[in-house]
Every structure is written in C-alpha cells, then in structure tokens.
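Structure first, commentary second.
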Amino acid sequence: MHLKPAERDPASQPRFYSALLALFILWPLFQAAEVSPGALFDPSNLKVIGSFLSGFLPPERGSEFLGYLGKATLETLAIATAGMALAGLLALPLAYLASAAGREKPTLNPLIRSLLTILRGVPELVWALVFVRVFGLGPAAGVLALGLTYGGMLAKVYAEILESVDAAPARALRLNGASRPLAILYGVIPQVSKELASYTVYRWECAVRASVVMGFVGAGGLGQLMDQAMKMFNGGEAASILITFLLLVFVADLISSGLRRSLDQAPPPSAAPFGPGSTGLLAIFVAAVTASFWFLDIGFGALFTLESASSINQFIGSFFPPDLSAAWLRKVAQGVWETLAISAVGTLFAALAGLLLAQARPRLLFNFIFNALRSVPELVWATITALSVGLGPFAGVLALALHTTGVLGRLYAEALDNAPAAPGRALRLSGVPSGLAFLYGTLPGAAPQLIAYTLYRWEMNIRMAAILGFVGAGGLGQLLYFELSLFHYAQASTVIIAMLLLSIAVDQTSAWLRRRMA
Amino acid sequence: MTCSIARRWALKGALACAFAATLGNLPAVAEDAVLRVSAIPDEAPTELQRKFAPLGKYLEAQTGMKVVFTPVSDYAAVVESLATKKIDLAWLGGFTFIQAKIRTNGTAIPIAQREEDAKFTSKFITADPAIKTLADLKGKTFAFGAPSSTSGSLMPRFFLQQAGLNPETDFKRVAFSGAHDATVAFVAAGKADAGVLNASVWDKLVEQKKVDTDKVHVFATTPPYFDYNWTVRGDLDPALIKKLTDAFLKLDPANPEHKEILGLQRAAKFIPTKKENYDGIEKAAHAAGLLK
C-alpha cells in the first residue's frame with residue numbers, strides 16, 4: 001500500500017529504529033534460550049507428547065490412588081494455611097519495624113528492609129529445598145518455606161500500605177503523647193484494615209498454588225504426587241491430579257474473592273465489635289489453622305531443642321564461605337545468563353500472545369482459557385513442555401509463556417476495556433480499518449498499564465525461571481539441585497546468592513523502566 | 001465501622017499468635033521403643049513402601065521394637081536425617097553411605113548387604129538403534145538417576161570418564177530423572193536419547209514386563225563395584241546393632257517366609273559388610289569430582 005506523506009506514521013522512523021534496537025538486544029537472549037519453534041513440530045517430539053497426552057484419558061480413578069490424592073489435597077491446603085499463619089506472625093513485627101508509619105522522623109529501616117528483600121528474593125522452592133535438609137522430608141519444610149517467603153512479602157506490602165495513607169491522625173495521636181503502637185492501631189489501621197485483609201486473603205490463594213509446587217522437592221502435598229506421575233509418564237494419574245488441582249485453585253479463588261467482596265460491604269451499625277458474621281468467620285479461621293497444624297503433625301517442639309539449634313547452626317555455617325573460584329563463577333554466570341534469557345523471552349512470548357488473545361471473542365471462552373493456563377503452575381507446564389520440545393531452556397521458555405499468557409491475557413483484557421474508547425471509535429468512524437484503529441486509537445491509551453503489568457510479571461518470572469531447572473528446563477535450578485544433592489554447600493551458596501542478586505537486579509531494572517515509561 | 005473490622009483482624013491475629021505459641025511448646029514425642037527406618041528413593045516411594053512392609057514386620061519381631069518406615073523422595077535427605085539422628089537405620093547406596101560416613105564423622109556403620117551388592121553393575125540403555133557404544137553418546141541427551149545415586153550417577157560417570165567422555169561437555173544435555181525406574185521411562189518416552197540405571201532394577205522391570213525390550217535395550221554394562229547396604233547410626237545401642245545385624249544375616253532362602261522378604265529386596269541372601277568395602281567408591285567419587 002502506497003501512502004501519501006500526510007498519511008504516514010510521523011513517528012515511524014524512531015519506532016522502526018527502536019524496534020531494531022530491541023531486536024539487537026533480544027537476539028542474544030533468544031540464542032541463550034535456545035528458541036527453536038521447529039522442535040514443537042518435530043515428528044518424534046509430537047509422537048512423545050501425543051502418546052503421553054493420550055494416556056490422560058481416562059483419568060486414574062483407582063480407590064488406592066484416590067486415597068493418596070485426597071490426602072495430598074488436604075496436605076496442600078494445610079501447608080498453605082499453616083504457612084500463611086506463620087507468615088502473618090512473621091510479617092506483623094517486621095512490618096511494624098520496617099514501616100515509616102507513626103514515626104516522628106520518617107526513616108526507612110535499611111536493616112529490616114534488606115532482610116525482607118532476602119526473604120522475598122529467594123524463591124520459596126529454594127527455601128523448601130534447604131529446609132528439607134534441616135527438618136527432614138515432609139510438610140514442615142514446606143510450611144516454613146512458605147512462612148519465610150510470604151512473611152517477607154506480606155511485611156513489605158503491609159509496611160507500604162501503612163505508609164500510603166493520611167499520616168495526620170497518627171501524628172496527632174503521637175503529639176498528644178500516644179506511643180507508636182497505639183498511634184498506628186488507632187490512627188492508621190482503621191484507614192487500611194480492608195486493604196490489609198484483602199491482600200492477606202489474596203496471598204493465601206497464591207499460597208495454595210505455591211504449596212502445590214513444594215512437593216517437587218519432597219515437601220509433601222499434591223506436587224509430590226504430580227512429580228512422580230510426571231516422571232513415570234503416568235498420564236492417567238497426571239490427569240486426575242491436574243483436575244484436582246484446577247478445582248482446588250478454583251475453589252480457593254472463589255473463597256478469596258467472596259471474602260474480599262464481603263469486606264466491601266459496610267456492616268450494619270452496631271455497638272458490639274463482633275457480630276455473628278465476624279464471630280463465625282473468626283471461628284472458621286481459628287479452626288482452619290488449628291486443623292492444618294494438627295493434620296500436618298509438625299513437631300515444632302523438636303525444632304527448638306538445643307541439639308537441633310546446633311545442627312541448624314552447623315548447616316547454615318556450611319554454606320559459608322561461598323565458592324567464589326573463577327571456574328565456578330563462570331559456570332554460575334552461564335546459569336544466570338540462561339535464567340535471564342528464559343525469563344525475558346518467556347515473558348515476551350506471553351505478552352505477545354496475551355495481546356493477541358485479549359481482544360479475541362467470545363470473551364467468556366477466552367477468560368476460561370486464561371484461567372486454565374494460569375491455574376497450572378510453571379513447574380508443571382515445564383514437565384509437559386520438556387516432553388514436547390526436549391529438555392533445555394526452550395522448554396522453560398514455553399512453560400513460563402503458557403502460564404504467563406493466562407495471567408497477562410486477563411489483565412490486558414481488563415486494561416484495554418478500561419482504556420479511553422473515544423480515539424479508537426473516532427478513527428473507525430473516519431474509515432480507518434479496525435486493526436489500525438486499535439493500534440493507533442485504543443492501544444496507546446492502555447499502553448502504560450500494559451507495560452507496567454508486563455514488567456511486573458517479568459519480576460515474578462525471573463524467580464520462577466531460576467527454579468525451572470529442577471525439572472530439567474535449564475537455568476540456575478539444575479545447578480542448585482545438583483550441588484545440594486552432593487552436599488556441595490559452598491557451591492550451592494554461590495548459586496543462591498546469584499539467584500538473589502539476579503532477582504534484585506531485575507526488580508531494579510523493571511522499576512527503572514516503569515518510571516521511564518510512566 | 002472500619003474500626004470494628006480492624007479490631008476483628010487484630011483479634012484474629014492475636015488468637016493465631018496464641019495458638020501458634022501453644023503449638024511451639026508442645027513437647028516433642030520421642031518414643032524410645034521405635035526404630036525409625038528409611039531408604040534412599042531409588043524407586044518410586046510407593047514401591048519402596050510395598051517392598052519394605054514384610055521386612056518391617058520381621059524386624060519388629062526380631063528386635064521387639066515398633067518399626068516405622070518413612071518414605072522420602074530425596075537421596076540427600078536420608079543422609080542428612082541419619083546424620084541428625086532423625087532415623088536409626090537406612091538403606092543406602094555405596095555413594096550415599098560414603099556421604100553419610102563423612103557427615104557422621106565416620107561413625108555410621110554398614111551392617112549388612114545383599115550378596116548381589118558385592119559385585120553390582122549399571123546398565124546403559126537406549127531406544128536409538130544408532131547408539132551402539134559409549135562413544136556414540138557424544139552430542140546426545142543423557143539421563144542419570146539421582147545426582148547422588150551410586151549406580152545411576154557416580155559409577156557410570158566414573159566409567160564414562162575412563163572411556164574418555166565428560167558428561168558436562170560431551171553430552172548435548174544431562175538430565176537427572178531422580179530414580180532408576182524413571183530413567184527407563186525417560187528413555188522409553190524419548191525424553192532422553194540414552195540413560196543409565198542399576199542392573200537390579202533393570203532386571204526387575206524386564207521380568208515384570210514393564211519395559212518394552214524391543215524398543216529399549218542395553219548397549220553397555222559397567223565393571224562390577226560395591227553398592228547398597230543397610231547402615232545404622234553409630235551411637236545406637238551396640239546390643240541393638242547386633243540384633244539388627246543378626247536379623248539380616250539370619251534371613252534364609254529355604255524358609256518360605258524369609259524367601260518372600262528376600263524376594264522383595266531382590267536378594268539371594270544378606271552377607272556382612274564393612275566400611276573398607278566402600279573405599280573404592282570414595283576414590284571414584286573424588287575422581288569424578290562428586291566429592292570435594
């Protein structure tokens with residue numbers, strides 16, 4: 001199509017060059033991620049995945065297996081609930097210490113803040129892998145791992161929520177002589193209680209998903225069953241576990257959104273602080289936590305003996321000093337590069353797919369697809385993609401892309417719906433084809449938000465990419481698994497530090513990019 | 001109204017605290033009359049549990065103790081549990097025994113091994129007709145078992161090195177299936193071009209027709225080496241160690257009840273063993289770079 005100068009995109013030249021530049025930057029990442037779409041259609045790979053998927057039907061329904069499945073499901077729920085209880089316990093004091101709320105001079109407690117960064121920066125699966133060694137196999141490791149990571153996450157978000165509101169009431173209380181805890185309790189919490197509660201419930205839902213994955217390193221629950229079924233290529237069992245898993249996530253989603261909705265409704269005015277509704281909820285909450293700890297039968301008492309303290313001490317001590325020899329650093333650097341590539345390319349693929357599918361109709365069908373995609377954890381996707389394209393980083397890329405497409409597709413669809421409609425409509429009415437009207441009318445309005453979502457997802461994906469290697473999908477994960485298996489703790493320590501630095505670096509880059517784009 | 005919600009959540013938090021505190025104070029129940037047993041998960045944990053059941057009953061009768069078997073899915077966790085005294089008796093591979101010996105400062109004691117373990121081998125398998133010798137593995141994807149498996153990782157790695165192959169640089173990609181039966185599944189499904197597993201599990205899978213031998217076949221076997229044993233932690237009561245050792249050595253294939261136990265353990269009979277038997281494995285582990 002030949003365009004008159006007036007009809008040409010005036011920004012076409014800078015756009016063309018920045019696209020070229022992006023390609024130039026991304027090319028080595030594509031190389032490192034070993035992207036080879038051809039592998040998807042390789043006949044021998046198609047046969048492998050075909051015969052595996054055909055084994056999915058019928059799903060396994062043997063009574064012995066269903067027994068295992070039921071127990072694992074309960075275990076997963078209990079790990080998530082107990083882990084969240086622990087995270088809450090950890091988060092309250094940490095958030096109090098880290099937050100600037102209610103302080104006379106706003107200080108950002110750097111010590112606590114960096115502790116929170118470390119707690120969050122190391123993926124929960126890595127904590128689980130480490131705790132499995134100290135506390136033996138079983139749910140205790142999963143509960144503690146969740147407790148630590150989510151404790152760090154909750155504390156950070158709590159601290160920020162506390163800082164985000166009008167500080168005047170708390171300041172007034174402090175000036176009148178109230179202590180800081182009281183000033184926060186009466187000056188800040190009333191403004192943010194809904195937000196705090198809503199975020200906590202949302203995190204519990206995430207914890208259910210995360211606790212499924214814990215099983216991959218031997219911390220019990222559905223993941224352990226899934227790991228075995230996948231390793232043995234038992235399609236029927238894998239299908240049953242997957243169905244259970246989807247149902248579980250769906251129910252957790254339902255409970256979580258129900259609870260959050262009920263927070264939006266103003267309770268009827270009453271003098272008593274506890275109505276029947278909240279008393280019931282409280283009872284259910286306490287019962288759920290109690291039942292979880294009882295079901296998991298964790299001997300926390302045994303963790304606090306002198307003997308275990310010394311063994312933990314010794315264990316932690318064996319991680320220091322990390323192995324910083326040139327040869328090992330080179331190997332870790334290679335893993336870091338591969339991990340970075342997997343996360344970036346996987347996120348990019350998901351962003352493209354999400355953008356394409358976000359506008360697809362019928363919306364209900366695609367919402368269902370998005371939900372299904374994001375319900376399956378990346379690690380489970382990776383076991384499947386490793387079959388369809390072979391072991392290696394490309395399997396990791398696809399696994400990340402599939403899960404993230406589910407997440408981003410949903411978010412993109414909402415963002416595009418909320419974008420100003422007028423420019424697109426105006427273009428269409430003046431005879432512009434709908435594709436161009438979308439590109440030049442609708443998309444620019446939603447772009448900042450789309451980019452923010454994508455970058456935020458990239459931050460999560462870098463943590464995921466670091467552990468995909470546990471199932472043979474490249475990156476730092478396999479290195480860590482191998483070294484931990486052999487008790488090479490000094491080497492494992494270097495890998496964990498590399499993971500931490502990588503996730504911090506990606507966080508910073510993403511924050512910087514978001515600021516630039518905003 | 002927001003205030004009452006705040007109070008609600010504050011109270012909930014307080015209750016959760018109180019509850020967790022009571023939990024923390026519960027005493028750890030440590031029964032003295034319990035023998036805690038585990039095994040490295042070289043096969044699916046459910047299979048291990050099935051195999052152990054009759055042996056567990058037999059050990060209960062012989063020692064007068066309650067025997068509790070904990071199935072696990074991580075090799076290193078068994079070693080660590082033995083070192084931190086969370087288990088008393090463990091079925092270990094040659095390499096995991098060396099790891100346990102090091103982590104218990106030499107106190108772990110191997111008490112018995114199967115007759116077969118004195119001359120154990122590993123089988124290299126493939127479904128690719130083009131792979132005929134170890135040298136053909138160059139540029140292929142290869143599946144080991146667990147990284148700390150003797151017959152699925154250490155000894156094959158050692159013998160590959162002796163054949164001039166370095167897994168890290170000569171293979172296209174190295175995978176760890178985690179268990180011997182999973183390695184067969186990896187190779188049969190084409191997830192890996194070739195793999196290696198312990199001869200005993202291979203023979204069992206062939207006998208039970210769980211592997212299609214027209215498709216997957218053995219193309220190389222390692223020289224023999226010492227493998228598996230039953231190990232106790234060194235600070236166990238010597239009288240109990242003696243009882244356990246005798247219990248294993250007493251198992252007699254002529255006795256039908258014992259024959260079932262031996263059959264499940266895939267043992268002709270159990271024989272005494274000693275630490276020195278595993279010195280060769282320790283040297284191989286150093287040579288293969290798995291021990292530093």
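What's counted below: heavy atoms across the whole structure, side chains too, no hydrogens, waters or symmetry copies. Naming convention: chains lettered A, B, ... in sequence-line order (proteins, then strands); numbering from 1 in each chain.
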Heavy-atom cut-off 4.5 Å, strictly under: side chain, backbone, both or neither for [X] against chain A?
| X | answer |
| --- | --- |
| B/Ser177 | backbone |
| B/Lys172 | neither |
| B/Phe95 | side chain |
| B/Ile87 | neither |

With the threshold set at 4.0 Å, does a side-chain nitrogen-carboxylate oxygen contact exist between [X] and [Y]?
| X | Y | result |
| --- | --- | --- |
| B/Asp235 | B/Lys85 | yes |
| B/Lys86 | B/Glu80 | no |
| B/Arg173 | B/Glu168 | no |

* To do: Take B/Leu291 and B/Ile98 through the side-chain contact (heavy atoms from CB on, under 4.5 Å) test and state the conclusion after the steps.
  => CA-CA 10 Å; B/Leu291 265 185; B/Ile98 294 297; 3.8 Å; yes
* Atom group of A/Glu34 that falls short of 4.5 Å from chain B, counting heavy atoms ->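 Contact with chain B involves the side chain of A/Glu34 alone.
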* Could you tell me whether the side chain of B/Asn198 and the main chain of B/Ser122 form a donor-acceptor pair under 3.5 Å? =>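 Absent.
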* **Short side-chain to backbone donor-acceptor contact, B/Thr96 and B/Leu92, under 3.5 Å** =>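 No: the side chain of B/Thr96 does not pair with the backbone of B/Leu92.
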* Contact winner vs chain A - B/Ala285, B/Pro41, B/Ser148, B/Gly178, heavy-atom pairs under 4.5 Å ->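 Option with the top pair count is B/Ser148.
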* To do: Could you check which of B/Ala175, B/Ser153, B/Ala185 has the highest count of heavy-atom pairs closer than 4.5 Å to chain A?
  => B/Ala185
